[in-house]
Amino acid sequence: MKMHIAVAQMGPIQRADTRAQTVARLCDLLKDAAGRGARWVTFPELALTTFFPRWEMDDPQEIRGFFETEMPGKETRPLFDLARTLGVGFYLGYAELDGDRQFNTSILVDGNGAIIGKYRKIHIPGDAQSQDGYPIQHLEKKYFEVGDLGFPVFDAGDMRIGMCICNDRRWPETYRVMGLQAVDLVMVGYNTPTGYGRLGEPRHLPGHHNHLSLQASAYQNTCWIAAAAKAGVEEGIHMIGGSCIVAPTGEIAVQALSEDDEVINYVCDMTLADGYRSNIFYFERHRRPEHYRAIVERVGASRQPL
Ligand code: CDT
């Protein structure tokens, strides 16, 4: 079975950009992907606004302006209507306000414009307050609570689709939980800065770690991964691009070259996973969960006596 998949990378969204302007960009990208024949499109994390967790804000009204209280809402409805017209499904990341609870969320919308899945980011990186001496802050812990929906996988016609969000893509557990539900395609959006001083790493490494995580995870869990960056210089901070579609072989099938709005697409052979699933990664035959207890019993590494 072949499935035509696209990734819609976005260039920066500045703070002054309105929702209407941003949704118009998303619609253009969806049209571009549909024109190439794609049936599913991945958009980035927090795709409706600038990456606001870089700022420490305390005014509730100001913070609220970055969140969606309904989906679709008045401003996002054109994207849903367009998906229905084009018959193309999509993943969209956004900041969700649910009562007084704030989540970093993604939804899966099918080609009828209906929401068929929701995920709330589980691995929330960064800090809850600004750290002295660092030019780039990452304050997701201030704005988002840990997601409460687990890592579900959704039936999407001929495929099982799972979702994760940005930092989740670095954690093997993210994919394994979905791999154990026989996921075919994982969609992930990200906002990853370079020059985040607290890691003390050279500027080329975030891009390397992005692909390293995606490629290893696709291979080890025999799934496709469609990963969409928000890239370029946003409010003075550079974020990596490198959006890509990764095959179950661990190879990058196609990759964005710009740091701007850019669609990449690939006709994915969904049977490519079969050889691995029935042999080297035949989970039922080869996994040894009785030896994996530490994974669920311990949170951190232990230096207690062996
Ligand atoms: N958005 C997001 O999760 N970004 C993180 C940056 C980590 S630096 C604290 C990422 O893992 O790419």
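Note that this is a predicted model, so its numbers are computed, not measured. Order of listing sets the numbers, starting from 1, for every ligand and every atom in it. Only this structure's heavy atoms are used, side chains among them; waters, hydrogens and symmetry mates stay out.
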Requested in this report: Could you tell me whether Arg176 sits above the aromatic face of Trp171, with NZ or CZ closer than 6.0 angstrom to the six-membered ring centre and within 45 degrees of the axis?
Outcome: no

Query raised in the report: Between the side chains of Asp168 and His123, does any donor sit under 3.5 Å from an acceptor?
Result: yes

Query - Aromatic centroids of Phe51 and His138 separated by under 6.0 Å - result: yes

Query raised in the report: Any link between Ile124 and Tyr94 through a network of hydrophobic side chains (Ile, Leu, Val, Met, Phe, Trp, Tyr) touching at under 4.5 Å?
Result: no

Report summary line: A student checking ligand 1 against Arg170 at a 4.0 Å heavy-atom cut-off should list atoms 10 (C), 11 (O), 12 (O)

Query - Atoms of ligand 1 close to Lys121 [distance to a heavy atom under 4.0 angstrom, numbered from 1] - result: 1 (N), 2 (C), 3 (O)

Query - Per-atom contacts of ligand 1 with Cys166, taking only distances under 4.0 Å to non-hydrogen atoms - result: 1 (N), 2 (C), 3 (O), 4 (N), 5 (C), 10 (C), 12 (O)

Query raised in the report: Which atoms of ligand 1 sit under 4.0 Å from any heavy atom of Glu140?
Result: 1 (N), 2 (C), 3 (O)

Query raised in the report: What is the minimum heavy-atom distance between Gly65 and Arg19, and which atoms define it?
Result: O-NH2, 2.9 Å

Query raised in the report: Measuring from the heavy atoms of Tyr196, does anything fall under 4.0 Å of ligand 1?
Result: yes

**Report entry** For Leu46 against Lys230, the heavy-atom pair lying closest together
**Finding:** O-CE, 3.5 Å

Requested in this report: Indicate yes or no: does an N/O atom of Glu45 lie under 3.5 Å from an N/O atom of ligand 1?
Outcome: yes

Query - Sub-4.0 Å atoms of ligand 1 with respect to non-hydrogen atoms of Asn191 - result: 1 (N), 2 (C), 4 (N)

Query - Arg160 charged N/C atom sitting above Phe154 aromatic ring, 6.0 Å / 45° - result: no

Report task. State if Arg169 counts as touching ligand 1 under the rule of any non-hydrogen atom under 4.0 Å. Result -> yes

Query raised in the report: Cationic tip of Arg287 within the cone over Phe283's six-membered ring, i.e. under 6.0 Å and within 45° of the normal?
Result: yes

Query - Closest candidate by heavy atom, reference atom 7 (C) of ligand 1, pool His138, Met239, Lys230 - result: His138

Report task. Number the atoms of ligand 1 from 1 as they appear, then name those within less than 4.0 Å of a heavy atom of Phe51, with their elements. Result -> 1 (N)

Query raised in the report: In ligand 1, which numbered atoms sit nearer than 4.0 Å to a non-hydrogen atom of Asn167?
Result: 3 (O), 10 (C), 11 (O)

